[in-house]
Amino acid sequence: MKGEIEAMTQSGQPTYLIMLGAPGAGKGTQARLIEESLGIPQVATGDLFRYNLSKETELGLLAKSYMEKGVLVPDDVTVRMVEDRLSRPDCAAGAILDGFPRNLDQAAALDELLAKYNQKVSRAIYIRVEREDLIARLTGRRVCKSCQAAFHVIFNPPATEGVCDQCDGELYQRADDSRDTVEKRLEVYFEQTAPLIEFYKDKGVLVEIDGGLPIDQVQDEIIRAIREN
Ligand code: ADP
Ligand code: AMP
């Protein structure tokens, strides 16, 4: 299976996959599961902001107040950060964009950015999950402080409570995974990000996946969709 989907990235053209879906839909979980087989890295804007915040960079401090409120960091800052990240050598064959774009202006900026290199979005993988399930997923999520891997207290528990299966790092609960901030983030998603579903459908690159299935089945569906489309 690995070889088959790798072939997609060996056409000579870089591959830009977008993981689309609400907070908690499983974008990060799935991006990490497929990045090795696709041979392109996950680029998660939320992780990049949190990294900058932990290092107290200017960018991190700017993003902080927006992230705490559960609203979007301004587009100019976000787009510049993505542009910088995509220009790194490890993104030469493309990237799996996770959490970006998050509104129509960011999607237009991404198209413009890729067009400079004669590239375009290869596919947008929309992971569909019901609202009540999203709340349960986000409020039970635990994230590794070291490698950012996501676990869930019930749906995807680590072998040892509080310890990352991948790197033995310490697991923590994101401040913005509190019930109140989750409600705000979902409101922002349905207002600003959900219109991207139609945007990518109109471009003919959208693939819709039932994200309510268990993690391994969602992964199988994504790989099947990449292979068949
Ligand atoms: P996103 O990156 O879209 O915000 P995550 O990948 O971090 O979402 O997943 C959110 C939470 O839901 C995590 O706690 C993760 O372990 C859990 N999760 C991910 N996929 C599934 C799934 N298919 N079924 C149940 N729980 C899931
Ligand atoms: P996430 O890790 O994807 O849940 O993102 C956490 C927070 O980071 C969001 O609530 C936003 O405040 C910010 N963020 C992440 N990606 C973007 C983006 N593409 N545009 C604006 N803000 C973002």
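Every heavy atom of this structure was used, including side-chain atoms; hydrogens, water molecules and symmetry mates were not. All ligand and atom numbering here is 1-based and tracks the order in the structure. Being a predicted model, the structure only gives us computed values, none of them experimental. Count residues from 1 along the sequence.
Under the 3.5 Å distance criterion, the side-chain polar atoms of R179 are left unmatched by any main-chain donor or acceptor of T139. Under the 3.5 Å distance criterion, the side-chain polar atoms of E35 are matched with a main-chain donor or acceptor of Q42. No donor-acceptor distance shorter than 3.5 angstrom exists from the side chain of K120 to the backbone of Y16, with no hydrogens or angles considered. At least one donor-acceptor pair closer than 3.5 Å links the side chain of D165 to the backbone N or O of A159. The main-chain N or O of G94 is never found under 3.5 Å from a side-chain atom of T15 such that the two would form a donor-acceptor pair.
For ligand 1, the 4.0 Å heavy-atom shell contains residues A22, P23, G24, A25, G26, K27, G28, T29, R137, R141, A150, F151, H152, F155, N156, G211, L213, P214, I215, V218.
Here the CG atom belonging to L48 is positioned 11.0 Å from the CZ atom belonging to F100, to the nearest 0.5 angstrom.
Pairing each heavy atom of D98 with each of M19, the nearest pair is CA-CB, 4.3 Å.
Applying the side-chain contact (heavy atoms from CB on, under 4.5 Å) test to A109 and every residue at least two apart in sequence or in another chain returns V79. By the side-chain contact (heavy atoms from CB on, under 4.5 Å) test, V163 pairs with T160, D168, sequence neighbours left out.
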Run through all N or O atoms in ligand 2 and write down each protein N or O closer than 3.5 Å, as a pair with its distance.
unit_1	atom_1	unit_2	atom_2	d
ligand 2	2 (O)	R50	NH1	3.0
ligand 2	2 (O)	R50	NH2	2.9
ligand 2	2 (O)	R174	NH1	3.3
ligand 2	2 (O)	R174	NH2	3.4
ligand 2	3 (O)	R102	NH1	3.0
ligand 2	3 (O)	R102	NH2	3.1
ligand 2	4 (O)	R174	NH2	3.0
ligand 2	4 (O)	R185	NH2	3.2
ligand 2	5 (O)	R102	NH2	3.3
ligand 2	12 (O)	V71	O	2.6
ligand 2	16 (N)	T45	OG1	2.8
ligand 2	16 (N)	G99	O	3.4
ligand 2	16 (N)	R102	NH1	3.2
ligand 2	19 (N)	G99	O	2.9
ligand 2	19 (N)	Q106	OE1	3.1
ligand 2	20 (N)	Q106	NE2	2.9
ligand 2	22 (N)	V73	N	3.0

